[in-house]
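The structure appears below as structure tokens.
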Amino acid sequence: MIAFVSGTVAALAPDAAVVEVGGVGMAVQCTPNTLSTLRLGQSAKLATSLVVREDSLTLYGFVDDDERQVFELLQTASGVGPRLAQAMLAVHTPDALRRAVATGDEKALIAVPGIGKRGAQKLLLEFKDRLGAPVGAAAIGAPVTQGWRDQLHAALIGLGYATREADEAVAAVAPQAEAAEGTPQVGQLLKAALQTLNRAR
């Protein structure tokens, strides 16, 4: 079990980072929120979970141990693999997921790509006594979330784009974000922003 990786960020992609550890580049699958905390050439430490399959070894990276533990806990539900668990954490923080389960909020789970109404109902039942109560500062009252603009801008800068390019990409996807129901999904906005930047080059 690889509990964490610590080293220099050697490369960033829309869904992964490469962290150089002792001369070896470790490819780590991350959510956009995690990627937005990383900077090329700077040191980083990510909590990790190694998923072993017959034909692959995949390392998933997280900002802290709580996120990693929730990632592993999500996979104890039937039908939830590492990709879907990561998608859930790309859309919601661990505490937001705990709140959704505690309040029976189907819409919060349906907001995750790959989860429909019936799937959300089933997951709410399965997670009812597993995730526990919210533990962070946002547990009381309204959730405190960083604005999607700031998250998206930070992720683009982390991927190596200039501030001006990041500004333009954020502005380009703003109509899509404002048209979305509920909280915009930063992961989807990041993909759209990268498409606009690739067309501009």
Side-chain angles (χ1 to χ4, degrees), residues 1-6 14-17 19 26-38 44-53 56-148 151 154-155 158 182-190:
M1 175 69 181
I2 300 173
F4 68 88
V5 296
S6 180
D15 60 354
V19 180
M26 307 283 281
V28 187
Q29 299 290 311
C30 303
T31 65
N33 291 343
T34 300
L35 289 170
S36 71
T37 68
L38 306 178
K45 182 177 179 180
L46 294 173
T48 56
S49 179
L50 181 64
V51 175
V52 180
R53 294 285 185 264
S56 67
L57 295 172
T58 308
L59 200 59
Y60 291 84
F62 309 94
V63 290
D64 55 30
D65 288 334
D66 182 42
E67 194 172 60
R68 179 189 62 202
Q69 287 165 4
V70 170
F71 170 78
E72 292 174 347
L73 191 61
L74 292 173
Q75 293 175 74
T76 63
S78 58
V80 178
R83 287 286 182 187
L84 184 56
Q86 189 182 46
M88 292 169 79
L89 287 167
V91 175
H92 300 295
T93 64
D95 266 356
L97 283 172
R98 291 185 181 105
R99 271 194 302 276
V101 171
T103 59
D105 187 353
E106 282 180 29
K107 286 184 178 178
L109 293 185
I110 293 170
V112 178
I115 298 180
K117 185 175 175 64
R118 288 183 65 184
Q121 292 170 342
K122 185 171 155 228
L123 290 174
L124 286 173
L125 283 174
E126 288 207 44
F127 291 139
K128 190 172 183 183
D129 299 315
R130 296 191 203 177
L131 285 182
V135 295
I140 300 168
V144 179
T145 56
Q146 185 184 13
W148 68 265
Q151 288 184 355
T183 305
Q185 296 176 22
V186 177
Q188 291 182 357
L189 294 175
L190 180 58

Validation row: Leu97, Leu74 side chains within 4.5 angstrom (heavy atoms): yes

With sequence neighbours excluded, residues passing salt bridge (Lys or Arg N to Asp or Glu O under 4.0 Å) with Arg130: Glu126

Side chain to side chain, Ile2 and Met26, heavy atoms closer than 4.5 Å: yes

Validation row: Leu50, Val52 side chains within 4.5 angstrom (heavy atoms): yes

Approximate separation, where rounding is to 0.5 Å, of Glu72 CD and Phe62 CZ: 7.0 Å

Close side-chain approach of Val91 to Pro113, heavy-atom, < 4.5 Å: yes

Least distance between heavy atoms, Ala17 atom then Leu38 atom: CB-CD1, 3.7 Å

Minimum heavy-atom distance between Ser6 and Val19, given as atom pair plus value: C-CG1, 4.2 Å

Interatomic distance, Asp105 atom CG to His92 atom NE2 [nearest 0.5 angstrom]: 7.5 Å

Rounded distance [0.5 Å steps], CD in Glu67 versus OG1 in Thr34: 4.5 Å

Heavy-atom side-chain proximity of Arg98 to Val70 below 4.5 angstrom: yes

Shortest non-hydrogen separation from Leu123 to Ala77 and the atoms involved: CD2-CB, 4.0 Å

When the side chains of residues 114-122 are checked against the rest of the protein, which donor-acceptor pairs come out under 3.5 Å, sequence neighbours left out?
{"unit_1": "Lys117", "atom_1": "NZ", "unit_2": "Glu106", "atom_2": "OE1", "d": "3.0"}
{"unit_1": "Gln121", "atom_1": "NE2", "unit_2": "Glu106", "atom_2": "OE2", "d": "3.3"}
{"unit_1": "Lys122", "atom_1": "NZ", "unit_2": "Ser78", "atom_2": "OG", "d": "3.2"}

Contact summary for Ala85 and Gln75, nearest pair of heavy atoms: CB-CG, 3.9 Å

Spatial distance of atom CZ (Phe127) from atom OG1 (Thr76) [nearest 0.5 Å]: 6.0 Å

Nearest heavy atoms of Pro94 and Asp66, plus distance in Å: CB-OD2, 3.5 Å

Atom pair CG (Leu35) and CD (Gln29), whose distance is rounded to the nearest 0.5 Å: 9.5 Å

Nearest heavy-atom neighbours spanning Leu190 and Pro14: CD2-O, 3.9 Å

Val112 side chain near Leu84 side chain, heavy-atom distance below 4.5 Å: yes

Separation of Leu59 CG from Cys30 SG (nearest 0.5 Å): 8.5 Å

Exam field: side chain Ser49 to backbone Arg68, donor-acceptor pair closer than 3.5 Å: no

